Number of protein chains: 2
Amino acid sequence: MNWAAIGFDWNQARAFLATAELGSLSAAAKALHLTQPTIGRQVAALEDALGVVLIERAGRSIVLTDAGRDLLPPLRMMAEAALQTGLTASARSEAIEGRVSISASDVMAAFVLPEILAELRVAAPGIEIEVIASNALSDLRRREADIAIRHVRPQHQDLVARLIREARANLYAAESLLERTGRPKSLKDLTGEVFVGIGNREDMVRFLNGLGLKVTAANIRFNSASGVVGWQMVRQGLGLGIMEEGVAERTPGIVRVLPTMAPVHFPVWLVTHRELNTSRRIRLVYDFLAEALSRTL
Amino acid sequence: MNWAAIGFDWNQARAFLATAELGSLSAAAKALHLTQPTIGRQVAALEDALGVVLIERAGRSIVLTDAGRDLLPPLRMMAEAALQTGLTASARSEAIEGRVSISASDVMAAFVLPEILAELRVAAPGIEIEVIASNALSDLRRREADIAIRHVRPQHQDLVARLIREARANLYAAESLLERTGRPKSLKDLTGEVFVGIGNREDMVRFLNGLGLKVTAANIRFNSASGVVGWQMVRQGLGLGIMEEGVAERTPGIVRVLPTMAPVHFPVWLVTHRELNTSRRIRLVYDFLAEALSRTL
DNA sequence: CCCAATTCATGCGTTTTTGTATAGAAGATC
DNA sequence: GATCTTCTATACAAAAACGCATGAATTGGG
């Protein structure tokens with residue numbers, strides 16, 4: 001290895017990369033948990049060390065110079081390798097203390113996880129938990145989370161997954177709503193009913209049609225990308241909605257519509273990175289979640 | 001990019017990599033132009049940040065832990081990318097001031113380059129020159145030098161090369177030696193003569209045999225890996241030796257043996273990295289060397 | 001078996017870097 | 001076009017890192 005040629009400050013290089021990727025010094029500072037003046041000075045120092053002008057201050061924002069743009073590909077490589085380094089280190093970490101991030105849908109994060117995490121805090125007080133509540137699949141390979149709860153089987157071989165159980169979802173409504181509109185006795189009674197959608201309207205229509213319900217997008221009068229918001233709307237009696245059985249049963253004022261209708265089954269997968277699975281800390285949380293989810297859900 | 005996962009100190013990572021590759025904190029410190037306590041503290045801080053023990057202090061030296069060994073491959077990737085970053089930056093550097101390193105055989109470095117560099121200093125006073133005198137081919141792709149003077153055509157497509165000229169080498173001896181032993185008139189007279197070898201004895205024998213000289217390893221009574229040392233031995237009259245024509249002609253007390261014998265031709269290539277060729281500073285030195293070598297040699 | 005040469009750890013003073021607070025500049029918005 | 005928000009630059013104090021000097025431990029050689 002030629003040590004002289006890599007003698008520039010690697011942290012400054014990272015500061016520039018973050019600035020270039022995120023578009024501003026301020027954004028880079030926030031991402032790297034530093035301050036804007038520090039990032040600015042680091043980038044300036046890197047320019048000085050490399051003898052190259054990297055960014056042009058164009059008033060409010062910044063623009064990369066040709067030289068700066070040239071540096072991006074190798075710097076991205078560097079960051080990729082750094083990510084792999086961190087991953088490997090975490091996998092080797094024997095420490096029980098430390099942070100573990102869990103990605104889950106907002107419904108899971110809001111209605112299922114808190115109870116489980118309360119137990120976990122007793123079992124392992126040293127572990128710091130970061131819950132990422134998002135209905136977008138976070139990329140475990142990029143380490144956006146250490147552990148993810150998903151409802152589709154993960155494909156990539158870098159990931160290791162465990163099928164917790166087949167969960168059930170049913171159609172629910174607020175008691176107040178049914179008292180107003182009357183209790184439907186069959187699928188046909190539901191035609192023309194108002195539904196609360198979650199996520200994409202079209203997907204929701206397809207899903208409901210699959211259940212044998214004759215509904216169109218027009219029936220979904222209320223919709224939200226957030227499952228929690230959707231569920232609150234159902235509780236308010238704004239319409240009928242789909243919910244996981246366990247969550248629904250623990251929600252007061254909610255009753256099942258058409259109890260004779262067969263529940264929708266969907267899998268619950270617990271997923272982590274293959275390398276991270278060797279980390280004692282993450283393994284502990286992973287196993288704890290697996291046990292608790294198969295029990296609670 | 002996930003910025004949180006690459007939030008460890010990249011300079012500390014480099015410190016550990018150097019330590020692991022070079023085998024000791026002290027060696028790493030020297031390579032990175034830092035001090036041993038600093039490297040020690042950086043590695044310790046990295047261990048702390050990653051929650052992993054990387055090295056075991058085994059008395060005088062250090063031993064990598066399993067975790068430390070695991071981190072090496074991604075860290076090497078990081079260093080490779082850093083090298084590429086530095087390379088790209090140098091290519092983009094518009095600064096005339098700065099360092100340029102030139103790799104050449106020790107003979108070239110000692111007898112040809114100084115004169116040329118004296119001219120260069122006048123033409124471009126801001127440039128700092130580092131001469132790497134080595135008969136081992138330095139790896140331009142690893143940036144062990146910015147520019148190399150070579151006698152074989154470089155293969156790799158990352159390198160750009162210019163054929164300066166076909167140089168000539170002849171057989172020479174000290175006048176004092178020939179006065180003692182008599183001037184040889186033909187190839188046959190050289191059988192049994194003492195030769196001064198440069199580099200590998202076997203290669204030297206093969207080379208001389210190729211010239212039609214009937215010599216074996218036994219004839220090469222003196223040998224040195226250093227061409228300069230070899231040439232000094234020739235000047236001292238210890239034996240006959242091969243030398244580039246221009247250098248030999250400028251050496252007092254040296255005469256050509258068998259002037260009728262055809263000279264050996266060998267190419268002189270000026271080589272640099274394709275990316276570096278766009279650097280104003282390196283381009284300047286490259287062009288200057290090309291001009292000077294084709295004139296001087 | 002002892003001495004010399006390395007190598008790592010530690011204490012301390014100095015230098016460097018970082019963060020906070022603030023000012024200035026340039027788009028965005030109404 | 002005035003205002004508001006967002007982003008960068010600068011000054012200064014606090015914190016962190018660094019280098020030097022030194023001590024302790026170990027290995028290799030005489």
Side-chain angles (χ1 to χ4, degrees), chain A residues 1 3-4 6-65 67-69 71-72 82, chain B residues 1 3-4 6-69 71-72 75 82:
Chain A
M1 186 59 58
W3 301 103
I6 56 176
F8 59 90
D9 191 300
W10 286 14
N11 290 331
Q12 293 173 0
R14 173 179 54 190
F16 166 65
L17 175 63
T19 304
E21 297 278 15
L22 301 175
S24 80
L25 298 177
S26 313
K30 203 164 65 174
L32 297 177
H33 297 115
L34 294 167
T35 58
Q36 167 263 317
T38 298
I39 297 293
R41 283 181 292 233
Q42 286 193 355
V43 173
L46 183 68
E47 289 182 318
D48 209 47
L50 297 180
V52 175
V53 179
L54 298 173
I55 59 179
E56 301 279 356
R57 273 76 172 178
R60 173 168 161 173
S61 191
I62 56 163
V63 178
L64 292 186
T65 62
R69 218 167 300 115
L71 286 192
L72 284 186
Chain B
M1 184 59 58
W3 301 102
I6 57 176
F8 59 91
D9 191 300
W10 286 14
N11 290 330
Q12 293 173 0
R14 174 178 54 190
F16 166 67
L17 175 63
T19 304
E21 297 278 14
L22 301 175
S24 79
L25 298 176
S26 313
K30 203 165 66 176
L32 296 176
H33 298 114
L34 295 167
T35 59
Q36 167 263 316
T38 297
I39 297 293
R41 283 182 288 235
Q42 286 193 354
V43 173
L46 184 67
E47 289 183 318
D48 210 45
L50 297 180
V52 175
V53 179
L54 298 172
I55 59 180
E56 300 278 356
R57 272 74 172 178
R60 175 168 160 173
S61 192
I62 57 163
V63 179
L64 291 186
T65 63
D66 290 347
R69 218 167 300 114
L71 286 192
L72 284 186
L75 285 176

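The structure presented is a predicted model; accordingly, all values stated were derived computationally and were not measured. So you know, we letter chains A, B, ... as the sequences are listed, proteins then strands, and number each from 1.
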Sequence neighbours excluded, the answer for side-chain hydrogen bond (donor to acceptor under 3.5 Å, both in side chains) partners of B:Arg69 is B:Asp66
Terminal axes of the helix from C:dC1-D:dG30 to C:dC30-D:dG1 (5 end pairs apiece), angle rounded to 10 degrees, sit apart by 40°
| message | Quick one: does any side-chain atom of B:Gln36 pair with a main-chain N or O of B:Leu25 as donor and acceptor, under 3.5 Å? | response | no
From CG of B:Leu22 across to P of C:dT7 the rounded distance in Å is 11 Å
Taken to the nearest whole Å, NZ/B:Lys30 to P/D:dG19 is 16 Å
For A:Thr35, the side-chain hydrogen bond (donor to acceptor under 3.5 Å, both in side chains) test, sequence neighbours excluded, returns A:Thr38
Can you tell if the side chain of A:Val43 reaches within under 4.5 Å of the side chain of A:Ile62, non-hydrogen atoms only? no
A:Glu56 atom CD is separated from D:dT8 atom P, nearest whole Å, by 14 Å
With sequence neighbours left out, the residues meeting side-chain hydrogen bond (donor to acceptor under 3.5 Å, both in side chains) with B:Asp48 are none
Across all chains, not counting sequence neighbours, the side-chain contact (heavy atoms from CB on, under 4.5 Å) partners of B:Ala82 are A:Ile6, A:Phe8, A:Trp10, A:Met78
For B:Ser26, report the nucleic acid contact type (base, sugar-phosphate, nothing); a contact means any heavy atom under 4.0 Å.
sugar-phosphate
In whole angstroms, the gap separating C1' of C:dT6 from CD1 of B:Ile62 amounts to 14 Å
Restricting both atoms to N or O, compile the protein contacts to nucleotides 14-22 of chain C shorter than 3.5 Å, with distance only.
residue	atom	partner	partner atom	Å
C:dT18	OP1	A:Gln42	NE2	3.0
C:dG19	OP2	A:Thr35	N	3.4
C:dG19	OP2	A:Thr35	OG1	3.2
C:dG19	OP2	A:Thr38	OG1	2.6
C:dG19	N7	A:Arg41	NH2	3.0
C:dG19	O6	A:Arg41	NH1	3.3

Is there a donor-acceptor contact under 3.5 Å from the side chain of A:Glu56 to the main chain of A:Val63?
no
